[in-house]
Amino acid sequence: MPDDAFLTEATARGFVFQCTDTASLAAALRDGPLTAYIGFDCTADSLHVGSLVQIMLLRLLQKHGHRPLVLLGGGTTRIGDPSGKDESRKMLSDAEIAANMDGIRRCFTPFLRFGEGPSDAILADNGAWLNALGYIPLLREVGTHFTVNRMLTFDSVKLRLEREQPLTFLEFNYMILQSYDFRELARRYGVRLQIGGSDQWGNIVAGIELARRTDALSLFGLTTPLITTASGAKMGKTARGAVWLTADRVSPYEYWQFWRNTEDADMGRFLRLFTELPLDEIARLEALGGAEINEAKKLLATEATALLHGPEAAAAAAETARRTFEDGGVADLPSVTVPAAELVAGIPAFRLFVLAGLAASNAEARRLIRGGGARVNDAPVSDEAAVVDAAALRDGAVKLSAGRKQHRLVRAG
């Protein structure tokens, strides 16, 4: 029988930032399987590690016998969420939104069990009801419950205005539509809890108030903290861009390496959030020092990769890393292909590092070379003007290295 152990473990693992009514939510959890939802707008064809806190929290909810609902924003993506943004999002066509939605669906299947059981996850699309709304009926039925005065006090609006960044009237309506979603999900699926990032607090509270005023429903809200690294960087971003949750964008090996490169100070926190290791085991690992902490990071990488890509892919990534760093092996490293004619003619080394994804720009690649961090076939590159050509091929590939931990094979195609 479900109980409030979900809330207890979620708090212990660091998932909880704010809750509208902790005691009442705990009581509702003890009453039986509770349905909770998180919304994901379809702004790209995959989610990235920045969404992983919410996904792992839905997984934890299901583990404790409750029902997670994943809401895809087929409707709200047409407007764009202004929360935490300094400028308006690019407007996407309906075809782009549909394609992105299809891609995003793939991100949840490794983490959640979908089906018809009482704790099986549900996948819904808010376009099913939002796209059919009439503007005047919406204003009459819902708009009367929102005052502009109150809306201006929420961070999603206030911060944009304080920074003197434009906020379109279209975006200003996002709060109303998200509130409508919460009420609609309560009516259709019995949803009682909305979960979101800390920047969603105002929108969540507005939905709770709407359902209370129109349907006399008692709903709950819970937000997760903004996750940054110990050095202050945004979670899930690297020099090469976002760390995506689909293998066609980021390979299992690259995903493993992302977690292996965790800063020492983040290791314990990330083990609690992004793995399912017992808390007492995490406490033991967190107390390690010296070279032992690297073994704990490898465990973090393997556990996190296994959740997304499966145990076999995680073990293969760990073995590839071991051979690369301990035995000097290269066979299973991520590879890119460049036209054979270009490699025969010769490609400037700095440009090749960009093509391989080891630098985000020519300027960054030049800095890497000047700083002594660039190697070709394990030999340091000291000249920014150096050219890499077909003579550098070893068993059909050129090995590029940026620092000690990032490697690529370049093959001629």
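For the single chain, residues carry numbers from 1 onward in sequence order.
Closest of all the heavy-atom pairs between D248 and R106 is OD2-NH1, 3.5 Å. The two residues P68 and S119 have their closest heavy-atom pair at CD-O, 3.7 Å. Between L61 and A36 the shortest heavy-atom distance is CD2-CB, 3.7 Å. Shortest non-hydrogen contact noted between Y253 and A321 is CE1-N, 3.8 Å. The heavy-atom pair separating A356 from L400 by the smallest distance is CB-CD1, 3.8 Å.
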Report task. Could you give me the CA-CA distance, side-chain angles and deciding distance for L47 and I55, then say whether side-chain contact (heavy atoms from CB on, under 4.5 Å) is met? Result -> CA-CA 10 Å; L47 297 177; I55 296 173; 4.0 Å; yes
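Using a 4.0 Å cut-off between charged side-chain N and carboxylate O, R408 and E254 make a salt bridge. Contact check on K63 versus E9 returns a salt bridge, with a Lys/Arg side-chain nitrogen under 4.0 Å from an Asp/Glu carboxylate oxygen.
Within the 4.5 Å cutoff, the side chain of T224 has heavy atoms near those of the Q54 side chain. Counting only heavy atoms from C-beta outward, the side chains of Y180 and W129 approach each other to under 4.5 Å. By the 4.5 Å heavy-atom criterion applied to side chains, P110 and L307 are not counted as neighbours. When side chains are defined from C-beta on, F17 does not count as touching L222, because their heavy atoms never get closer than 4.5 Å. In this structure, M101 and C42 have side chains that are in contact, with non-hydrogen atoms separated by less than 4.5 Å. L130 places a side-chain heavy atom less than 4.5 Å from the side chain of T76. Residues V49 and L245 meet the side-chain proximity criterion, which asks for heavy atoms closer than 4.5 Å. Side-chain contact check for F353 versus V410: every heavy-atom pair is 4.5 Å or farther apart.
Within the 3.5 Å criterion, the main-chain N or O of L299 finds no donor-acceptor partner in the side chain of T302. Checking side-chain atoms of S401 against main-chain N and O of R375 turns up no donor-acceptor pair under 3.5 Å. Put simply, the side chain of T20 never gets that close to the backbone of F220: no donor and acceptor are under 3.5 Å apart. Between the side chain of K298 and the backbone N or O of A318, no donor-acceptor pair lies under 3.5 Å. Under a 3.5 Å cut-off, the side chain of E342 and the backbone N or O of I347 do not form any donor-acceptor pair. Listed for the E286 side chain is no donor-acceptor partner under 3.5 Å among the backbone atoms of M267. Of the possible donor and acceptor atoms, none in the side chain of R269 sits under 3.5 Å from a partner among the backbone N and O of D266. No donor-acceptor pair closer than 3.5 Å links the side chain of D41 to the backbone N or O of T43. No donor-acceptor pair closer than 3.5 Å links the side chain of N126 to the backbone N or O of D181. Panel note: side chain E96, backbone L92; no donor-acceptor pair is recorded below 3.5 Å.
Relative orientation of the F108 and F40 rings is perpendicular, given thresholds of 30° and 60° on the angle between their planes. Classification of the W259-Y255 ring pair by plane angle, with boundaries at 30° and 60°, yields perpendicular.
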Ignoring hydrogens and angles, write down the donor-acceptor pairs under 3.5 Å from the side chains of residues 184-192, residues two or more places apart or on other chains.
| from | atom 1 | to | atom 2 | distance (Å) |
| --- | --- | --- | --- | --- |
| E184 | OE2 | R188 | NE | 2.7 |
| E184 | OE2 | R188 | NH2 | 3.4 |
| R187 | NE | D215 | OD2 | 2.7 |
| R187 | NH2 | D215 | OD1 | 2.9 |
| R187 | NH2 | D215 | OD2 | 3.3 |
| R192 | NE | S218 | O | 3.2 |
| R192 | NH2 | S218 | O | 3.2 |

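Cation-pi geometry between R366 and F350 is met: the NZ or CZ atom falls under 6.0 Å from the ring centre, inside 45° of the normal.
By the 6.0 Å contact criterion, CD on E312 is open, its count of non-hydrogen atoms from other residues, nucleotides or ligands being 12 or less.
Counting only N and O atoms by type, the side chains of Q194 and Q200 include no donor and acceptor under 3.5 Å apart.
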